[in-house]
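A quick write-up on the structure given underneath.
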Amino acid sequence: MTVLQHRGQDAAGIVTCEGSRLHLRKENGLARDVFTNAQMLKLRGNMGIAHVRYPTAGCTSSAEAQPFYVNSPFGLTLAHNGNLTNTEELKKALFVEDQRHINTDSDSEVLLNVFAHELQSLGKLQLSVDDVFQAVAGVHRRCRGAYAVVIMIAGFGILGFRDPHGIRPIVFGTRNTKEGSEIMMASESVALDVLGFNLVRDIQPGEAVFVEQSGAMHTRQCAESIDHSPCIFEYVYFARPDSIIDRISVYKARLRMGEKLATKILREWPDHDIDVVIPIPDTSRTSSLQLANKLGVKYREGFIKNRYIGRTFIMPGQQMREKSVRQKLNAISLEFEGKNVLLVDDSIVRGTTSAQIIQMARDAGAKKVYFASAAPPVRYPNVYGIDMPAAHELIAHDRTEQDVCEAIGADHIIYQDLDDLIEAVRKGNPDIAHFDTSCFSNQYVTGDIDDAYLARTEALRNDSAQTVRNSENFIIEMQNCG
């Protein structure tokens with residue numbers, strides 16, 4: 001959980017299974033704060049699932065921390081990465097037709113109840129592996145959107161599956177110990193690496209992997225049709241550079257992004273006067289280094305990062321993000337003074353942090369400040385589990401690149417071309433025909449996103465809505481405390 005903390009800093013949870021009994025601990029906060037030694041000792045058993053939460057729907061109540069649990073049938077717990085796009089339709093069907101109660105605003109709880117109903121509708125007193133796969137097939141028929149999921153069935157086993165587009169990542173691996181073989185599933189391969197597991201492969205789009213409590217593993221393709229379209233923003237920003245997703249090294253993909261960006265600069269701005277390339281830590285370091293090498297310009301670390309401040313991109317609320325930037329970064333004046341500086345970031349989303357960082361560079365004595373993005377302009381919302389909710393909050397939405405340049409206070413701006421980004425990532429695995437690039441291209445791979453859906457989502461998930469909802473949650477929790 002600690003090596004996957006970059007994927008969510010809002011809440012953490014673990015549930016384990018000892019025989020047929022479940023032990024659960026979840027709360028708001030970082031994994032290191034949620035789990036003390038005393039609490040870990042209570043999480044007994046030989047199988048379990050864990051989750052770090054990254055809220056994309058505006059609510060930071062601990063009630064929405066995962067894993068989620070339903071007692072019927074058999075005792076099920078779920079951890080989910082992604083976002084369903086037909087949540088409201090499913091909620092209605094669950095209540096009216098399936099007679100199931102949803103207690104939170106989380107689409108993950110909806111997904112768990114869909115799976116539970118599919119399993120229960122089989123009418124089996126004794127589960128089989130085929131029953132589990134049949135329930136997954138039912139989930140694929142009913143659920144739309146992005147979902148990489150692990151589900152634990154008390155006393156029976158652990159299931160992992162992925163949506164038919166494979167938008168969000170999930171891998172599995174094995175290791176041998178004195179006690180026997182162990183199997184692990186995770187969002188990124190780095191979680192396997194640190195525990196000495198060997199990466200076997202990614203769970204394929206539409207595929208399910210089930211591990212019985214005895215350790216026996218079964219796999220099956222459960223979707224009627226698949227269209228592999230992994231989220232390209234995983235490679236731009238979200239994933240750790242030392243992870244391998246869909247057989248693509250994130251690190252090497254970012255090296256190629258830097259090379260592509262340098263090629264564009266040399267083509268469109270051959271007489272540039274860049275003195276030094278400085279990355280905005282941490283995710284842009286890899287692409288910045290390759291960019292500087294190809295340009296033949298000095299690479300320097302101009303910002304020192306406070307390791308105790310989380311990732312500002314995934315913090316709920318714009319005020320918190322802005323406050324954290326100055327606490328997070330400090331400029332080394334010697335690297336800026338009197339120089340024309342090219343700052344490189346992985347992407348420009350809301351633009352407010354970019355503007356602050358550019359001003360920090362000027363305050364440190366930079367003569368000119370240029371800004372490069374290893375990704376194309378982010379102009380459209382992401383609806384598949386990454387918090388780019390409201391179009392009007394995206395600085396590039398309905399703006400030209402020159403407009404963005406002026407808005408963030410740069411002297412010049414360079415964006416990656418989308419075709420170059422796709423080529424940089426796909427080179428690691430030519431078998432992937434296309435990626436989800438919706439936040440850049442407005443092309444949503446699930447085919448069910450229209451203006452009305454985006455308007456509803458924006459009303460629920462923009463920063464002002466988050467502020468109101470978080471205030472309401474605080475008041476409710478205080479009232480419940482008496």
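All figures in this text were calculated on a predicted structure; none of them were measured in a lab. Residue numbers run from 1 in the order of the sequence given.
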Donor-acceptor pair, side chain of Arg7 and main chain of Tyr54, under 3.5 angstrom: no

Side chain to side chain contact (heavy atoms under 4.5 Å, CB included) evaluation trace for Asp227 with His165: CA-CA 5 Å; Asp227 179 21; His165 294 279; 3.8 Å; yes

Backbone N/O of Leu421 and side chain of Lys260: donor-acceptor pair under 3.5 Å: no

Side chain to side chain, Leu22 and Met152, heavy atoms closer than 4.5 Å: yes

Nearest heavy-atom neighbours spanning Ile413 and Cys405: CG2-CB, 3.7 Å

Any donor-acceptor pair under 3.5 Å from Arg175 side chain to Glu182 backbone: no

Under 3.5 Å: donor-acceptor pair, side chain of Arg254, backbone of Tyr235: yes

Arg256 and Glu423 ion-paired at < 4.0 Å: no

Residue from Asn81, Ile244, Asp246 passing side chain to side chain contact (heavy atoms under 4.5 Å, CB included) with Pro169: Asn81

Criterion side chain to side chain contact (heavy atoms under 4.5 Å, CB included) on Val250 and Ile245, from CA distance to verdict: CA-CA 7 Å; Val250 176; Ile245 297 175; 4.3 Å; yes

Separation of Leu454 CG from Asn442 CG (nearest 0.5 Å): 7.0 Å

Glu335 CD to Ile304 CD1 distance, which is reported to the nearest 0.5 Å: 9.5 Å

Short side-chain donor-acceptor distance under 3.5 Å, Ser106 and Glu109: no

Validation row: Ile280, Phe371 side chains within 4.5 angstrom (heavy atoms): yes

Separation between CG of Asp202 and CZ of Phe172, rounded to the nearest 0.5 Å: 9.0 Å

Check: His434/Gln443 side-chain N/O donor and acceptor closer than 3.5 Å: no

For Gln416 against Ala374, the heavy-atom pair lying closest together: NE2-O, 3.1 Å

Side-chain heavy-atom pair Ser108, Leu78 within 4.5 angstrom cut-off: yes

Validation row: Ile248, Ile432 side chains within 4.5 angstrom (heavy atoms): yes

Test item: Arg25 side-chain N/O and Val34 main-chain N/O as donor-acceptor pair under 3.5 Å: yes

Any Ile170 side-chain heavy atom under 4.5 Å of Phe161 side chain: no

Test side chain to side chain contact (heavy atoms under 4.5 Å, CB included) applied to Val132 and Ile151, step by step: CA-CA 10 Å; Val132 174; Ile151 292 177; over 6 Å; no

N/O donor-acceptor pair under 3.5 Å between His228 side chain and Ala433 backbone: no

Ala65 backbone acceptor or donor facing Lys26 side chain under 3.5 Å: yes

Chi angles and distances behind the salt bridge (Lys or Arg N to Asp or Glu O under 4.0 Å) call for Glu207, Arg201: CA-CA 12 Å; Glu207 185 185 26; Arg201 61 176 175 84; 2.8 Å; yes

Distance-minimising heavy-atom pair for Phe197 and Gly173: CD2-O, 3.7 Å

Least distance between heavy atoms, Ser373 atom then Pro376 atom: OG-O, 4.5 Å

Side-chain heavy atoms of His80 within contact of Asp107, under 4.5 Å: yes

Audit row: Arg240, Asp193, salt bridge (Lys or Arg N to Asp or Glu O under 4.0 Å) steps and yes/no: CA-CA 12 Å; Arg240 270 180 50 149; Asp193 297 341; over 6 Å; no

Note, Ile265 side chain near Leu342 side chain (heavy atom, < 4.5 Å): yes

Derivation of the side chain to side chain contact (heavy atoms under 4.5 Å, CB included) call for Leu266 and Leu295: CA-CA 7 Å; Leu266 291 172; Leu295 289 182; 3.7 Å; yes

Phe233 CZ to Ile386 CD1 distance, which is reported to the nearest 0.5 Å: 6.0 Å

Pairs touching residues 210-224 that satisfy salt bridge (charged side-chain N to carboxylate O under 4.0 Å, His left out), sequence neighbours left out: Asp130-Arg220

Any donor-acceptor pair under 3.5 Å from Tyr370 side chain to Ile414 backbone: no

Pairs touching residues 27-46 that satisfy salt bridge (charged side-chain N to carboxylate O under 4.0 Å, His left out), sequence neighbours left out: Glu18-Arg44

Atom pair OH (Tyr415) and CG (Asp420), whose distance is rounded to the nearest 0.5 Å: 16.0 Å

Nearest atoms (heavy-atom pairs only) where Leu43 meets Thr16: C-OG1, 3.3 Å

Expected output: side-chain Gln204 to main-chain Gly206 donor-acceptor under 3.5 Å: no

Within-4.5 Å side-chain heavy-atom neighbours: Phe210 and Val136: no

Atom of Ser288, atom of Val277 and distance for their closest heavy-atom approach: O-CG1, 3.9 Å

Check ion pair Asp417-Lys264 (N to O, under 4.0 angstrom): yes

Within 6.0 angstrom of Tyr69 OH, more than 12 heavy atoms from elsewhere: yes

Distance-only side-chain donor-acceptor flag, His140 / Tyr147, under 3.5 Å: yes

Nearest-0.5 Å distance that lies between atom OG1 in Thr85 and atom OH in Tyr384: 6.0 Å

Sub-6.0 Å ring centroid separation between Phe440 and Phe435: no

Thr104 side chain vs Glu64 backbone, donor-acceptor pair below 3.5 Å: no

CA sep, side-chain torsions, deciding dist, call: Glu234, Arg168, salt bridge (Lys or Arg N to Asp or Glu O under 4.0 Å): CA-CA 8 Å; Glu234 290 278 354; Arg168 300 260 73 84; 3.0 Å; yes

